[in-house]
Amino acid sequence: MARILITSAIPYINGIKHLGNLVGSQLPADLYARYMRGRGHEVLFLCATDEHGTPAELAAAKAGKPVAEYCAEMWEVQKELSDGFALSFDKFGRSSSPQNHALTQHFAGRLADAGLIEEVAESQVYSNADGRFLPDRYIEGTCPNCGYERARGDQCENCTKQLDPTDLINPRSAISGSTDLVVRETKHLYLRQSALKDQLAEWIDSKTDWPILTTSIAKKWLFDGDGLQDRGITRDLDWGVPVKRGSEPWPGMEDKVFYVWFDAPIEYIACAKEWTDAAGRPDADWERWWRTDKGADDVRYVQFMGKDNVPFHTLSFPATIIGSSEPWKLVDYIKSFNFLNYDGGQFSTSQGRGVFMDQALDILPADYWRWWLLSHAPENSDSEFTWENFQSSVNKDLADVLGNFVSRVTKFCRSRFGEAVPSGGAFGPDEQALIERLQTGLPAYEAHMEAIEVRKAAAELRGLWVAGNEYLQSAAPWAAFKEDPERAAASVRLALNLIRFYAVISAPFIPDAAARMLSAMNTLDMEWPDDVSESLAALPAGHDFTVPDVLFRKITDEEREEWQSRFAGQR
RNA sequence: GGGCCUGUAGCUCAAUUGGUUAGAGCAGAGCGCUCAUAACGCUUUGGUUGGGGGUUCGAGUCCCUCCGGGCCUACCA
């Protein structure tokens with residue numbers, strides 16, 4: 001039995017995430033976690049909300065609430081939605097937790113002791129009206145290059161020229177619109193990533209099995225231009241982890257907090273402590289996952305994230321860990337995803353374009369979304385959600401192929417033999433052919449799951465479902481029943497066992513439906529079918545079952561059209 | 001501007017990393033079945049692999065070029 005630590009990129013606290021966010025990290029991470037648990041491995045699956053930073057402060061202000069209160073409420077909302085999608089986190093933590101405060105300050109202290117932190121004085125734009133320093137992109141003005149009037153302080157969206165906020169003509173606060181801006185001197189801490197460049201490059205080079213998407217982004221940051229740059233890890237904000245050197249004050253940094261991207265990945269670790277603290281368990285119980293000197297040396301650590309998160313996970317966070325000179329577990333594999341587009345464009349939070357997690361669950365159960373999203377995961381390139389595709393995948397794969405299989409088998413058995421697994425008869429060539437099919441298909445499915453090839457795994461799984469229908473067609477128990485009821489009984493006995501088999505192997509994709517299939521088969525046996533033949537005898541003759549309700553209903557053309565217009569934009 | 005990714009059947013995607021005649025699912029056509037959610041099975045139509053050039057015995061795959069799409073570019077997260 002292996003031990004597998006899995007983290008999903010932590011979703012930002014500000015607002016409800018859309019399906020593109022979901023499929024880019026949390027959902028495939030859940031698939032992998034469920035699969036590995038199903039195979040009997042010991043899994044720790046962690047996620048949290050990422051709560052700090054300017055957008056959270058602004059969103060709280062807009063909602064008229066103190067930021068701590070706002071974040072607590074949004075955490076509840078996100079927790080409920082992740083439960084709704086059956087995301088099986090062992091702990092859904094918060095980057096604002098006391099555990100993360102302490103650990104972030106601890107890392108900063110270690111890095112400072114190692115000489116990897118430098119104080120840098122810099123000039124930044126301060127808005128008197130807003131009472132805060134403004135990040136570059138929160139300053140708007142006229143582009144000196146093209147004259148576009150809504151250029152941002154970091155880049156002009158119109159002509160794509162990179163800018164400095166002081167380049168802008170008529171600069172104003174993007175928050176309040178105020179033009180009462182001044183440039184103030186402020187001091188910040190920088191993480192000297194450049195000093196760790198060679199170590200990081202060597203580490204990345206050793207990861208030859210990582211997705212190209214992951215390593216190419218890392219290498220670009222490592223080697224492009226002047227190479228890996230030092231990074232500011234503090235901000236002039238109120239909401240965040242107060243800057244301390246371990247547990248000691250940090251002179252000159254009294255009113256500052258750590259940058260959200262410094263503390264957010266540390267939450268992966270702190271989350272594990274939140275997990276054991278909440279259960280009143282000792283630190284050793286989480287440290288055995290994270291400290292290689294305390295039992296984590298045999299742990300395999302896999303991270304899931306969208307491509308926009310890659311630099312922080314391949315460079316910044318490893319720099320924090322390596323720089324600490326403490327034996328923390330480094331990531332073993334990074335699975336990164338491209339983006340999901342919506343019906344010919346991007347999902348847009350600001351325009352309400354696309355389907356958001358709450359809306360998705362309002363119209364259909366989680367399994368429908370999980371199946372479509374995972375079987376179309378944007379692994380090799382950006383992929384596209386369309387309602388036509390969603391409708392046809394759900395109707396064909398889930399309703400017709402899997403759902404109807406369960407229906408036809410259970411109803412046929414009920415009408416001919418009653419609601420118990422029938423006895424008698426022996427397996428013949430049709431049964432042998434099915435078993436051989438499963439004996440080649442199941443290992444292929446397992447190989448794809450272990451390689452985290454999500455789409456391929458979904459396609460292989462669907463193929464195994466199809467094999468059940470093929471078997472019924474060739475065995476034709478409805479015809480056999482007339483001349484040789486014993487043979488029909490053997491077929492039905494196998495087919496009922498096949499339902500349990502499907503429930504077990506499909507559970508990572510569609511956990512709710514799998515649970516209903518098992519419940520209909522009146523069993524709690526979720527043993528992975530390492531031996532296919534044996535697993536197809538798990539339900540013995542005489543075992544009672546029930547005919548379940550329709551497993552997956554079909555999406556009608558009317559619904560599809562209605563949803564298409566409902567989610568077109570302007571939420 | 002720079003870096004990286006990407007373009008394959010009407011649609012969504014494969015193609016063992018340069019190796020036979022480019023494969024699946026959906027949609028379309030035909031046949032079969034009647035247990036089942038008008039479901040299932042079998043057969044089948046459909047491709048100048050974005051355009052052009054090159055390397056090679058051999059190119060979807062490598063190189064050059066042009067065209068289109070996307071991401072990142074370090075103070076959004």
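Note on naming: letters A, B, ... go to the chains in the order of the sequence lines (proteins, then strands), and numbering restarts at 1 for each one. A quick note: this is a predicted structure, and the numbers were derived from the prediction, not measured.
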Whole-Å distance between [N] [atom2] and [X] [atom1]?
X	N	atom1	atom2	result
A/Trp372	B/C11	CH2	C1'	12 Å
A/Glu384	B/G10	CD	P	17 Å
A/Lys17	B/C76	NZ	C1'	11 Å
A/Asn395	B/C26	CG	C1'	11 Å
A/Leu222	B/G3	CG	P	17 Å

Strand RNA chain B as a dot-bracket string - pairs counted if Watson-Crick or G-U with both distances under 3.5 Å, | where the partner lies in another strand: (((((((..((((.....[...)))).(((((.......))))).....(((((..]....))))))))))))....
Indicate yes or no: does A/Glu57 engage A/Arg235 in a salt bridge with an N to O separation below 4.0 Å. no
Ignoring hydrogens and angles, write down the donor-acceptor pairs under 3.5 Å from the side chains of residues 400-409 of chain A, residues two or more places apart or on other chains.
| from | atom 1 | to | atom 2 | distance (Å) |
| --- | --- | --- | --- | --- |
| A/Asp400 | OD1 | A/Lys554 | NZ | 2.7 |
| A/Asp400 | OD2 | A/Lys554 | NZ | 3.4 |
| A/Arg408 | NH1 | A/Asn469 | OD1 | 2.8 |

Mind listing the closest non-hydrogen atom pair of A/Phe509 and A/Asp367 along with its distance?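 Answer, listing the atom of A/Phe509 first, then A/Asp367: O-OD1, 4.4 Å.
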Does B/U45 sit syn or anti, given that only angles within 90° of 0 count as syn?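 Base orientation relative to the sugar is anti.
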What nucleotide among [options] has an atom nearest to a side-chain atom of [X]?
X	options	answer
A/Lys307	B/C71, B/C76, B/C72	B/C71
A/Ser392	B/A74, B/C76, B/C26	B/C26
A/Ser383	B/C71, B/C76, B/C13	B/C13

Ignoring backbone atoms, establish whether A/Lys456 has a side-chain N or O less than 4.0 Å from OP1 or OP2 of B/A15. yes
I need a per-nucleotide contact map over nucleotides 35-40 of chain B, read 5' to 3'. Cutoff is protein heavy atoms under 4.0 Å; write B for the base, S for backbone only, - otherwise. BBB-SB
What residues, two or more places apart in sequence or in another chain, satisfy ring pair (Phe, Tyr, Trp, His ring centres under 6.0 Å) together with A/Phe133? A/Tyr126
For A/Trp221, what residues pass the ring pair (Phe, Tyr, Trp, His ring centres under 6.0 Å) criterion, not counting sequence neighbours?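 Residues passing ring pair (Phe, Tyr, Trp, His ring centres under 6.0 Å) with A/Trp221: none at all.
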Measuring only between side-chain heavy atoms, which start at C-beta, is A/Lys335 closer than 4.5 Å to A/Glu379? yes
Does any donor atom in the side chain of A/Lys256 or A/Thr186 lie under 3.5 Å from an acceptor atom in the other side chain?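 Side-chain D/A pair, A/Lys256 to A/Thr186: present.
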Which donor-acceptor pairs under 3.5 Å do the side chains of residues 446-453 of chain A make with protein atoms, sequence neighbours left out?
| from | atom 1 | to | atom 2 | distance (Å) |
| --- | --- | --- | --- | --- |
| A/Glu446 | OE2 | A/Trp528 | NE1 | 2.8 |
| A/His448 | ND1 | A/Ala444 | O | 3.2 |
| A/Glu450 | OE2 | A/Tyr35 | OH | 2.8 |

